[in-house]
Amino acid sequence: MTTEPSATPPAAFEAIGLTRSYDLEGVSVDALRGVDLRIEQGEFVAIVGPSGSGKSTLMHLLGCLDRPTSGVLRVGGVDVSTLDDTHLAELRNQTIGFVFQSFHLLARTPALDNVALPLVYRGVGRSERRARAEAALTAVGLGHRLGHRPSQMSGGEQQRVAIARALVGDPQVVLADEPTGNLDTRNGEEVMNLLEHLNADSGVAVVLVTHEADVAGRAHRQIHVRDGLIELDSRSRTAPAATTEGDAG
Amino acid sequence: MRTAEALRMALEALRVNRLRSTLTMLGVIIGVLAVVILVAIGTGAKNAVEKEIAGLGSNIILVVPGQVGLGAAPTQSRLDLTDVAFVRRVVGDPSKVTVAVNSGEPVRVGRNEVFATLTGTDENMPNIFDRPLRRGRYMSATDVETRRRVTVLGAEVAAKLFGDVDPIGRQVTIAGVRFRVIGIYETVGSTFGVARDQEVHVPVTTAQRLIGLPRINGIAVGASGPDEIESLQSRVVAALDARYPDEKFSAVTQTQLLGTIGTVLSMLTGVLAAIAGISLLVGGVGVSNIMLVSVRERTKEIGLRKALGARQRDVLWQFLIEAVLLTTIGGLIGILLGVGGALLIQALSPVPAAITWWSIALAFGVSVGVGVFFGVAPARRAGRLDPVVALRSE
């Protein structure tokens with residue numbers, strides 16, 4: 001690089017004046033009313049807020065599943081407004097891994113194929129897909145469950161399969177929408193440990209949406225959303241001050 | 001996403017919903033089956049009739065009084081043997097002209113009696129028609145001139161009356177008059193529903209006396225080659241028209257018969273195929289319906305796939321391929337069953353069935369086309385689903 005000012009890598013997410021309004025039977029409802037936000041690579045962030053606060057909308061926007069009504073959103077430095085649906089899908093595929101509250105696994109498909117699914121849309125060959133999916137499942141402690149279908153697994157195991165699926169494509173960010181919402185305390189704990197290790201060991205940014213305080217407390221930074229605005233953006237004291245240490249030039 | 005991948009995915013989806021896939025396919029299977037079988041029967045019927053006509057002999061012109069056409073009523077003949085002599089002079093070669101007088105009569109040997117078609121003809125008949133003898137001899141010119149009571153029996157009549165006994169030289173009673181059997185024809189089958197194996201041939205002169213009328217039913221002329229048929233045909237008709245100015249005569253050739261009957265049977269086959277095609281179309285509507293249901297049911301799956309990076313066209317392809325696969329597999333099964341059914345019909349019933357490649361290709365092509373046509377709308381709907389909405393659906 002010859003240009004010296006941009007020695008720091010682009011933020012995982014950068015939002016400026018982000019709004020999103022829905023048209024509900026002729027009535028315009030503002031879900032987000034101007035959000036400014038910057039999440040760096042490798043951060044561990046919780047987005048918290050009561051239901052209806054707009055946190056899910058924010059999550060969908062960050063996940064490139066939806067487009068803002070106005071404002072700028074850059075994902076990995078790319079302005080999403082410049083992308084058409086196809087390129088947006090490719091961006092999702094390359095940079096974001098999703099974990100959902102209700103797991104969203106293909107019911108009658110073995111764990112291995114569930115995990116390999118994102119690679120299908122990347123055009124990765126079958127044998128490589130299987131190898132990478134197996135590695136991802138092993139990484140979440142399910143190396144012995146490759147051929148099992150979701151119905152043959154516990155909720156905790158299913159969510160770990162979903163995490164493996166989020167990881168298999170080596171994303172920059174994992175977006176987790178209420179990842180512990182459908183799990184008991186013990187399994188929820190396990191899933192959170194997994195996300196924590198993931199963030200610490202491989203430097204993947206983790207953004208999770210939750211309304212549970214103790215889950216949010218595991219994150220290094222909490223963004224409180226209320227009425228479509230960021231109410232509070234706090235870093236926990238135990239957290240590392242900066243998460244860009246590995247990238248400093 | 002690669003095509004092979006999409007194909008695998010679609011097969012998987014069909015396998016998972018096995019019962020529904022089978023039921024959906026059933027519509028296409030039945031449609032294709034119907035097309036293949038009905039076209040096979042139609043074509044078989046046409047082939048059989050054509051074979052019958054060709055089996056008469058070659059280059060034959062049939063001269064009959066009145067207008068010949070489909071639906072035309074038969075006309076009372078006023079031709080007699082002097083007209084046959086006249087036509088012989090017109091044609092130039094007397095051995096290439098023969099005559100027919102027909103009447104249904106009982107034929108009896110001892111206690112055995114059958115009802116047969118008595119046909120009065122002459123020694124020239126074998127020169128024109130293809131009517132090989134199994135045993136004995138044809139009637140001679142002398143038989144005709146002297147009104148001998150001799151007969152040549154059709155194969156079936158001979159078998160029924162005499163069984164294993166050799167009939168040559170034995171007596172039969174036709175309409176109460178005794179005849180001597182001089183020959184037996186080979187089995188030739190039937191033409192236009194006329195069972196030719198149930199005929200008994202006698203000299204035309206004898207037949208006229210037996211029936212009590214000097215009339216004849218028709219004259220047959222044999223042309224020396226295919227090129228001569230048309231000119232000979234018009235010459236004979238013109239000559240007869242000139243002889244009887246206030247009457248109409250017709251001369252039909254085998255080619256014309258083939259043409260007319262071929263057209264009718266082709267139309268029939270077409271109609272059958274069209275009816276079967278409608279059921280194929282209904283099957284297609286079924287596919288469309290099921291695919292729409294499937295898209296709705298799998299909305300969440302579609303949302304997930306999109307979240308994981310499936311592009312609009314990936315999802316569209318997935319569902320389109322699923323629809324086409326449904327109809328294609330259905331089409332293949334339908335073809336197999338149709339061919340099997342046609343062969344079965346062929347083997348077990350008197351209906352001739354001829355499997356035609358075009359009907360198989362058409363049925364297959366249409367079933368693939370039906371899949372594409374009826375699959376596009378559901379697939380587009382799937383491709384356009386908003387991932388957020390789709391993920392949230394329950």
Side-chain angles (χ1 to χ4, degrees), chain A residues 20 22 31 56-67 83-110 113-126 129 149-151 162 165-169 171 175 177, chain B residues 1-22 290 293-322 325 379-394:
Chain A
R20 179 71 171 97
Y22 297 98
S56 288
T57 304
L58 181 58
M59 171 88 176
H60 291 144
L61 287 178
L62 295 181
C64 301
L65 294 170
D66 196 8
R67 290 169 181 279
L83 301 178
D84 60 14
D85 282 356
T86 300
H87 287 101
L88 211 56
E90 282 163 7
L91 182 69
R92 279 199 294 274
N93 185 263
Q94 302 279 345
T95 59
I96 299 166
F98 287 97
V99 178
F100 302 98
Q101 177 175 2
S102 49
F103 323 137
H104 281 318
L105 297 174
L106 299 183
R108 297 176 193 177
T109 307
D113 292 325
N114 260 300
V115 171
L117 196 55
L119 300 179
V120 169
Y121 296 111
R122 208 181 279 189
V124 176
R126 191 167 154 82
R129 274 198 327 253
R149 290 164 215 287
S151 55
R165 181 181 64 195
L167 289 180
V168 77
L175 284 181
D177 188 2
Chain B
M1 192 171 50
R2 300 163 187 196
T3 314
E5 211 57 64
L7 210 63
R8 225 172 45 80
M9 224 179 247
L11 271 174
E12 178 65 19
L14 297 187
R15 201 183 57 78
V16 162
N17 292 304
R18 219 169 291 130
L19 179 64
R20 190 164 71 185
S21 307
T22 312
I290 288 297
V293 170
S294 178
V295 168
R296 173 151 302 183
E297 232 182 52
R298 287 153 68 190
T299 301
K300 230 166 71 175
E301 176 196 327
I302 295 164
L304 171 74
R305 288 179 184 277
K306 288 195 128 184
L308 298 185
R311 288 151 293 201
Q312 187 164 325
R313 67 163 182 272
D314 291 331
V315 175
L316 188 145
W317 268 115
Q318 185 191 340
F319 280 84
L320 190 57
I321 286 178
E322 228 176 282
L325 218 52
R380 281 171 73 103
R381 176 176 285 199
R384 285 181 179 165
L385 277 177
D386 180 347
V388 173
V389 176
L391 273 174
R392 231 190 256 133
S393 77
E394 252 338 301

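Note that the structure is a prediction, hence the values are computed from the model and not measured.
Among residues two or more places apart in sequence or in another chain, the salt bridge (charged side-chain N to carboxylate O under 4.0 Å, His left out) test is passed with B:R15 by B:E12.
In the displayed structure, B:R381 atom CZ is contacted under 6.0 Å by at most 12 heavy atoms of other residues, nucleotides or ligands. Taking a 6.0 Å sphere around CZ of B:R8, one finds it holds more than 12 heavy atoms contributed by other residues, nucleotides or ligands.
Nearest heavy-atom pair, A:L65 versus B:P387, reported as atom, atom and distance to 0.1 Å: O-CG, 3.6 Å. Nearest approach of B:A310 to A:A89, heavy atoms of both residues: O-CB, 3.8 Å. A:F100 and B:A307 get closest at one heavy-atom pair: CZ-CB, 4.1 Å.
For the set A:L91, A:D85, A:L106, A:D113, the count of heavy-atom pairs under 4.5 angstrom toward chain B peaks at A:L106.
Residue A:L88 holds its CG atom at 10.5 Å from NZ of B:K306, rounded to the nearest 0.5 Å. B:L308 contributes atom CG, which lies 9.0 Å from atom CG of A:N114 (distance to the nearest 0.5 angstrom).
A 4.5 Å side-chain heavy-atom check between B:D314 and A:V120 finds every atom pair outside the cut-off. In this structure, the side chains of B:L391 and A:H60 stay at 4.5 Å or more apart for every pair of heavy atoms. Under the 4.5 Å side-chain criterion, counting only non-hydrogen atoms from C-beta, A:T109 is not in contact with B:E301.
Among residue pairs with one or both ends in residues 87-103 of chain A, those qualifying as salt bridge (charged side-chain N to carboxylate O under 4.0 Å, His left out) are A:E90-B:R311; sequence neighbours excluded.
Neither the backbone nor the side chain of B:R298 comes within contact range of chain A, judged by heavy atoms closer than 4.5 Å. Using a 4.5 Å cut-off between heavy atoms, A:R67 does not touch chain B at all.
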